[in-house]
Structure formats: C-alpha cells, structure tokens
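I have placed the structure first, in the form of structure tokens, so that the comments after it can refer back to it.
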Amino acid sequence: MGELGPDWLRDLWVKDKDVHRPRGEKLVRSPTSPYAPRPRALGSPFCLEEPQWVPDKECPLCMHCDAKFDFITRKHHCRRCGKCFCDKCCSKKVPLPRMCFVDPVRQCAECSVISQKEMEFYDRQLKVLMNGATFYITQGSSEKSENVVCRLSNNHRYLFLDGEDHYEIEVARISTVQILTEGFTPGGGNSRATGMLIQYKPQGSDELLQMKFTTSEDFNSNKKMSASWLAAMHKAAKLLYESRDQ
C-alpha cells in the first residue's frame, strides 16, 4: 500500500473497496467546511462528530485571551472544540482527519496540539494496521491456535484475520483491548509487546467473546512487524474509546 499523503482521505472515499456503497459518492458540505465527507458514510470508528459551535451572541470576548470582539477583531470558531476565539488565538490550520476534513482547518492552540499528535496515528500507525502482521490466535478457552494474518480493513471498520479460515471482527464492537507484554514494567522501558487480548461482540449478537493474539517466535522480522502492529493497535484503541465517550 502507498504512502498516506495529504489526499489519503479523498482517495479512501473514492477507491475503498471494503465500503458497500454506490460508486461516485461525493464530498458534501458540512456546517463548517465544504470539504468534509459525511462521517457516517465513511464509517470509520475513530471519527469524532463535529462540535456544536458556541453562538456568536454568547461570546463577546475571546474565550482564551478575553480580547473584545469588534469590527477589527473578528470571531473565529475552532473546528475541533467549537469555541470562539480571536484570530491570534485561533490562527493555525491543522489537519483534522478524525472529523473527516480533507484539508487543514482552523483550530485553537490547545486543539491544534492534540490534532498534530493524532497525525502520527493517521500518517504512520494506520498504515501499519492496514498492512497487517502475523499472529497465532486462540478463541475463548480453546487450546487450539491458528496462524493468521491480521489487518485493518481499508475503511477502518473491521479486523480481517486470514488463515485456515477467514474471520471478521467489527472494530466498533470491540469492548476491550489489552496489550500483553513481557520483561520489565512499561515505566522501565524494557518491556515489549508479545500479544493482545480482545473482547468483542459478534455481529448480530450480544454475547461477549474473547480472542488472544500471540506473536510468532519463528522469524525476527515477523516478530518486529507484529510488535509494531500491536503498538499501533494500542493507539487505535485509545482513539476508539475517545470516540465512544464523545
């Protein structure tokens, strides 16, 4: 898969083969930008809904520096938090893929820092998840393990596991993600990821199932790739929890 450049969202919207939708779907105008596709149609579980903007009449002052708005000092809304700021306090235009904006949008200083940190996930870790890695999986209390390649679908909605059988786990129905490590505690800096334990509900069922992922000991290159995949999945789980708590 190619690099995830600035147009990755636009490319995903047009080319994604995992999304069951009519071809030729277009970007639509949102309340805050003409360049945001519909989040529900995109279907990524990591997306956030656009915030409700603070009404102009309720913010006579900048909500950061208390500057009074007038004909010269104009009001600007942060696309991430919806609060009202002066130009000085809301001047940065930063990518905001979690709200499905294709182009960078205006954000306040606090939100821009958060969005910039999240770009590491979209620029690097998301690519790792979609490229996939090799694991041994065991389901529930079973002692039988199966070697599979696990990857995130192009629309981010499913984990695809391909081995002797094909499994699909809907990301939005994953309840918990626990990264398994060995070595010293995480604070010691010498621990390494060796696997993952997830609890999820199959489509059409409320039964909570468990699946364990364990890295292969066969090849160092595969082991390193699997460890990188687990680190990316750990970050993905954090974004997933944030989206649910919105």
Side-chain angles (χ1 to χ4, degrees), residues 1-6 8-9 11-12 15-18 44-46 95 97-98 114-140 142-172 174-200 209-243:
M1 181 157 182
E3 293 292 331
L4 294 176
W8 74 270
L9 250 176
D11 293 340
L12 172 63
K15 299 177 182 178
D16 181 23
K17 296 180 180 179
D18 292 326
S44 173
F46 308 120
R98 290 195 72 188
I114 297 173
S115 295
Q116 286 171 336
K117 289 181 179 179
E118 289 175 349
M119 282 310 299
E120 180 184 357
F121 174 76
Y122 283 92
D123 285 342
R124 296 174 56 189
Q125 294 168 321
L126 195 57
K127 177 184 175 182
V128 171
L129 291 173
M130 290 191 291
N131 283 342
T134 303
F135 297 93
Y136 286 106
I137 62 168
T138 54
Q139 301 188 60
S142 172
E143 296 182 359
K144 180 183 177 182
S145 63
E146 179 180 348
N147 188 253
V148 302
V149 174
C150 181
R151 71 175 183 89
L152 184 69
S153 65
N154 291 342
N155 62 7
H156 316 161
R157 293 180 59 190
Y158 299 94
L159 288 181
F160 289 158
L161 290 79
D162 291 299
E164 294 180 6
D165 297 308
H166 174 78
Y167 305 91
E168 294 185 9
I169 298 176
E170 190 173 357
V171 173
I174 295 177
S175 302
T176 61
V177 176
Q178 179 185 355
I179 303 300
L180 306 175
T181 61
E182 68 177 20
F184 295 102
T185 58
N190 291 318
S191 63
R192 63 184 182 88
T194 59
M196 174 176 72
L197 195 64
I198 67 170
Q199 291 184 318
Y200 67 99
L209 302 182
Q210 181 172 285
M211 183 177 289
K212 183 178 180 181
F213 297 68
T214 307
T215 57
S216 171
E217 298 289 340
D218 296 338
F219 305 98
N220 288 332
S221 58
N222 287 344
K223 201 170 184 179
K224 184 176 180 180
M225 187 181 298
S226 298
S228 297
W229 195 94
L230 290 170
M233 189 62 191
H234 181 59
K235 178 62 177 179
K238 290 183 178 180
L239 299 187
L240 181 63
Y241 298 152
E242 289 174 3
S243 298

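Given the structure is predicted, the values throughout are model-derived calculations rather than measurements.
Between the CD1 atom of I198 and the OG1 atom of T176 there is a distance of 8.0 Å, given to the nearest 0.5 Å. Considering CG of L239 and OG of S44, their distance stands at 9.0 Å, rounded to 0.5 Å. How far OG1 of T215 is from CE of M225: 13.0 Å, rounded to the nearest 0.5 Å. Atom CG of L230 is separated from atom CG of L180 by 8.5 Å, given to the nearest 0.5 angstrom. The distance from atom OG of S153 to atom CD of E170, rounded to the nearest 0.5 Å, is 9.5 Å. Atoms CD and NZ, from Q178 and K212 in turn, are 9.5 Å apart once rounded to the nearest 0.5 Å.
Looking at heavy atoms from C-beta onward, M130 lies in side-chain contact with H156 at the 4.5 angstrom threshold. Between P95 and E118 the shortest side-chain heavy-atom distance does not fall below 4.5 Å. Taking 4.5 Å as the limit, some side-chain heavy atom of N131 sits within range of a side-chain heavy atom of K127. Put simply, the side chain of M196 reaches to within 4.5 Å of the side chain of V177, judged on heavy atoms.
Not counting sequence neighbours, the partners of F135 by the ring pair (Phe, Tyr, Trp, His ring centres under 6.0 Å) test are F213, W229. Residues forming a side chain to side chain donor-acceptor pair (under 3.5 Å) with Q125 (at least two apart in sequence, or on another chain): none. With sequence neighbours excluded, the residues forming a side chain to side chain donor-acceptor pair (under 3.5 Å) with Y167 are Q139, E146, listed by chain and number.
With salt bridges taken as basic N to acidic carboxylate O contacts below 4.0 Å, one links R98 and E242.
Shown here for R151 and G132, the closest heavy-atom pair between the two residues is CB-CA, 3.6 Å. Closest approach of T181 and A193 over heavy atoms only: CG2-CA, 4.1 Å. Closest approach of Y136 to S145, counting heavy atoms only: CD2-OG, 4.2 Å.
The backbone N or O of T134 sits less than 3.5 Å from a side-chain atom of S226, completing a donor-acceptor pair.
Ring planes of F160 and H166: tilted class, angle from 30 to 60°.
Partner of M211 under the side-chain contact (heavy atoms from CB on, under 4.5 Å) criterion, chosen from L161, I174, L197: L161.
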